[in-house]
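Read the structure below first, then the notes.
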Amino acid sequence: MRLSRDFFYTLREDVRDEDSASGNLLTRAGMIRRVAAGVYMMLPLGLRAMEKIEAIIREEMVRAGSVELRMPALIPEDVYIASGRREAFGASMFALRDRGGRPFVLGPTHEELFAVAARQAIHSYKDLPLSLFQFQTKYRDEPRPRFGLIRVREFVMKDAYSFDLDLEGLGRSYQAMFDAYKRAFDRMEIDYAIVTADTGAMGGLLSEEFQALCPIGEDILVMNEETGYAANLEVAACPRPEPSSEEHRAPRKVPTPGQKTIEDVTRFFGETAERFVKTLIYLADGRPAAFLVRGDHEISEVKAMKLAGCHELEMAPPEVVEEVTRAPVGFAGPIGLEIPVYADYSIMAMANMITGGNEADMHIVDVNLEDFSVTASGDIRQIHEGETTPESGGPVHFRRGIEIGNTFKLGEKYSMAMDLFYTDSDNQRRPVVMGSYGIGPGRCLAAIVEQNHADGRIFWPRAVAPIEVAIVVVSTKNETQVAVAEGLYESFQQAGYDVLLDDRDERAGIKFNDMDLIGAWLRVTVGRGVAEGKVELKLASSDEVEEVAIADAPARVAELLGR
RNA sequence: CGAGGUGUAGCGCAGUUGGCUAGCGCGCCUGCUUUGGGAGCAGGAUGUCGGGGGUUCGAGUCCCUUCACCUCGACCA
């Protein structure tokens, strides 16, 4: 690109309303621009970085034996009704109607359509295995877009889908994708962790996430480096405590005027939070249910949904709480509740607990398991940093991550829903076993910038740098400089580099700063040195400036670029 | 969806108890001077003050309403 004639600009100051370093730097570098909340323009330089990321992913997909195609983004609504996900996605789906009033949606993910597509090609066990992928724009009406490209409402996703005879075949297909993902992220030089995760609305048997390690990440990762344990906080298993050996006392009521929160009552009773029970009233698929966790614990809604076997879980509104507990919010307890009661394992190990009294300004002390009924117990809380689980083999600590990729073993869920079957060698009709695999190139881009920036400049990993060589003409009024720069520009273009010629009529300082901001990998400065037949080479990653003869420049540049 | 906040020039911002022709910095344009890390001087252009309605002699400023955006929470593959 030739800057004097290209679509190129930079901003000197941070932009208001961009809350992340990557959002700000990419905006300031003129690579992206926000149009609406969670909707961005991809400007030439940003597009080039995206294309490099996509090219890496595409290469690894093809190497893993996957075949590229492209689905529409505009999809008849009934495709998602068939799988039951129209309801599951709910308001986060962009929905519209055509002129005839027929309902369409903008696809948030494409499992259904791929199953429909596969139905045409898969009839026999001889047609399997099969792996397909696409790069396609996804639409999700996120309640709260944020962090630049990290949480957006329109974004490109590379999604791949595998189709196999059985679980064994799925295992092989899954592994091939898993390895391809590792190669792709390694090539982008992203610092990432692989964690086990919730299968959530996707459904299925196994989910793993590739998480770019980064302080602004929205996911909390539970890790132990020594044993390699890594799980998303949503699913990280908690240790199960030994039952208390305390002798059970008889429950008695204690007036606690105005003491509503755990903080209030711990102060009031002078006891630690571990002696208290939090009774949380939720609506599980619309029906009230109580969830019990220890006072010092936080509920994991993902785990709670699994225990309760529901698809939707939301905190009950105050009216419902008051109705089921017959008390104001803040005094709920398990005794006498006429709704399902789900207890965390830690509750099952407690004795002489302090709970709400289901009565205004009243708590009950010395409550024991025999004093109330539990519908089911399980692990429904979030693990704390420093705890050890059997799986982790040692104390865990937390990191934050940006989910840049995920892999799902889906099993038969979508095959059954979308009628995707094959005939096996015994002439039996069997559902195809599916897997699905996603990568967000835009999140990769944002994560790379988050992990590689300093002093208001971007330091690109070699493989994704949108500009490999930037030629800076110090003075565009100096004909010799211009001629030399033009010659090098021509030569680098012929060599196939991603090259930029800064021939703008600006002061040198402005050009140097802009090249730093956009993160040109190698800078060739054509300035006063041309009088002696020399130009300067400087890598973004180094402060050293190297003078070379003009004639030697192409060879030296090729060497530095590793070409 | 709940709570809080912000909308004034391309970008970042100021604008007093309502009061003259709405300002500042950067950017932009012209000229001169300069030319190796965001130059200097002089001159200049650019505004539906988010939109609509109202109060008032007079509204960027007060009131009502609406939209957009941001933060925290809720929610969410």
Side-chain angles (χ1 to χ4, degrees), chain A residues 9-20 23-24 27-28 30 33-39 80 83 85 88-93 107-111 138-148 151-153 155 157 159 197-204 207-210 218-219 232 234-235 282-283 301-302 305 311-318 403-408 410 436-440 443 455-457 472-478 481 502 504-517 523-531 534-536 538 543 545 547:
Chain A
Y9 65 88
T10 57
L11 301 175
R12 294 201 177 197
E13 293 173 86
D14 279 352
V15 179
R16 187 176 49 162
D17 294 349
E18 278 297 350
D19 46 353
S20 63
N24 246 308
T27 302
R28 287 187 49 203
R33 185 177 162 191
R34 180 159 58 195
V35 181
V39 183
Y80 291 91
S83 68
R85 288 210 294 180
F89 280 113
S92 63
M93 249 182 180
T109 173
H110 282 81
E111 279 74 12
K138 311 293 185 194
Y139 296 87
R140 296 180 191 180
D141 196 357
E142 295 283 349
R144 196 142 91 78
R146 60 178 141 178
F147 298 143
R151 183 161 292 267
V152 287
R153 296 193 292 174
F155 61 100
M157 180 188 276
D159 42 328
D198 178 40
T199 50
M202 302 293 295
S207 166
E208 291 176 283
E209 293 170 340
F210 289 72
E218 296 182 275
D219 289 307
N232 195 304
E234 293 175 340
V235 298
Y282 275 87
L283 291 176
E301 294 188 356
V302 166
M305 279 165 73
H311 302 292
E312 218 181 330
L313 194 66
E314 55 175 337
M315 289 290 282
E403 186 189 347
I404 49 174
N406 55 24
T407 51
F408 289 96
L410 295 174
S436 95
Y437 317 89
I439 294 180
R443 279 193 175 176
D455 305 323
R457 39 189 302 200
V472 171
V473 186
V474 171
S475 171
T476 51
K477 295 204 172 62
N478 181 312
Q481 288 183 21
D502 194 347
R504 293 175 297 170
D505 183 18
E506 294 286 0
R507 300 172 62 82
I510 289 178
K511 299 185 186 185
F512 292 150
N513 274 303
D514 278 350
M515 294 309 103
D516 288 344
L517 172 59
R523 193 179 78 203
V524 179
T525 307
V526 182
R528 57 190 168 215
V530 293
K534 293 189 166 162
V535 294
E536 294 157 28
K538 184 187 164 301
D543 289 331
V545 175
E547 275 206 326

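Since the structure is predicted, the reported quantities are computational estimates derived from the model, not experimental observations. Naming: A, B, ... by sequence-line order, numbering from 1 per chain. Hydrogens, waters and symmetry mates play no part in the numbers below; they use all other heavy atoms, side chains included.
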Which nucleotide in the set [options] lies at the smallest distance from any side-chain heavy atom of [X]?
| X | options | value |
| --- | --- | --- |
| R528(A) | G38(B), G36(B), C76(B) | G36(B) |
| T10(A) | C28(B), G36(B), G38(B) | G38(B) |
| P143(A) | C69(B), C11(B), C75(B) | C75(B) |
| D19(A) | C70(B), C69(B), U35(B) | C70(B) |

key: Distance-minimising heavy-atom pair for R153(A) and A36(A)   = NH2-CB, 4.4 Å
note = On a heavy-atom basis, the closest approach of S475(A) and Q481(A) is N-OE1, 2.8 Å
Under 3.5 Å for both donor-acceptor distances, Watson-Crick or wobble: does [N] have a partner, and if so which one?
| N | value |
| --- | --- |
| U61(B) | none |
| C75(B) | none |
| C32(B) | G40(B) |
| G10(B) | C26(B) |
| U56(B) | none |
| U17(B) | none |

[X] has an atom [atom1]; how far is it from atom [atom2] of [N], in whole Å?
| X | N | atom1 | atom2 | result |
| --- | --- | --- | --- | --- |
| E142(A) | C76(B) | CD | P | 11 Å |
| D198(A) | C75(B) | CG | P | 14 Å |
| R457(A) | G38(B) | CZ | P | 14 Å |
| M315(A) | C76(B) | CE | C1' | 17 Å |
| I510(A) | C28(B) | CD1 | P | 7 Å |
| R28(A) | G38(B) | CZ | P | 15 Å |
| F89(A) | C76(B) | CZ | C1' | 10 Å |
| D502(A) | G36(B) | CG | P | 15 Å |

Would the base of [N] count as contacting [X] through its side chain, where contact means a donor and an acceptor less than 3.5 Å apart?
| X | N | result |
| --- | --- | --- |
| E536(A) | G36(B) | yes |
| E13(A) | G25(B) | yes |
| D514(A) | G38(B) | yes |

Using the [atom1] atom in both, what is the distance from [N] to [M], to the nearest Å?
| N | M | atom1 | answer |
| --- | --- | --- | --- |
| G27(B) | G7(B) | P | 24 Å |
| C49(B) | G23(B) | C1' | 12 Å |
| U66(B) | G19(B) | C1' | 29 Å |
| U65(B) | U71(B) | P | 26 Å |
| U35(B) | G40(B) | C1' | 12 Å |
| G10(B) | G50(B) | P | 13 Å |
| U33(B) | C69(B) | P | 50 Å |
| G73(B) | G15(B) | C1' | 34 Å |

Contact class for [X] (heavy atom, under 4.0 Å): base, sugar-phosphate, or nothing?
| X | result |
| --- | --- |
| S207(A) | nothing |
| E314(A) | nothing |
| D17(A) | sugar-phosphate |
| D14(A) | sugar-phosphate |
| V15(A) | sugar-phosphate |
| E18(A) | nothing |
| M157(A) | base |
| R144(A) | base |
| K477(A) | base |
| R16(A) | sugar-phosphate |
| G529(A) | base |
| F155(A) | base |

Is any side-chain heavy atom of [X] closer than 4.5 Å to a side-chain heavy atom of [Y]?
| X | Y | value |
| --- | --- | --- |
| R528(A) | V474(A) | no |
| T109(A) | R85(A) | yes |
| D14(A) | R28(A) | yes |
| R443(A) | R151(A) | yes |
| K138(A) | D159(A) | yes |

key: R33(A) atom CZ, neighbour heavy-atom count above 12 within 6.0 Å   = no
Any side-chain N or O of [X] under 4.0 Å from OP1/OP2 of [N]?
| X | N | value |
| --- | --- | --- |
| R12(A) | G27(B) | yes |
| R34(A) | A68(B) | no |
| R507(A) | U35(B) | no |

message = Can you work out whether A36(A) or M305(A) has the more 5'-proximal nearest nucleotide on RNA chain B?
response = A36(A)
query = Toward the 5' end of RNA chain B, which comes first, R146(A) or D516(A), by nearest nucleotide?
reply = D516(A)
message = Does the structure place the NZ or CZ of R523(A) under 6.0 Å from the centre of the six-membered ring of F512(A), at an angle of no more than 45° from the ring's axis?
response = yes
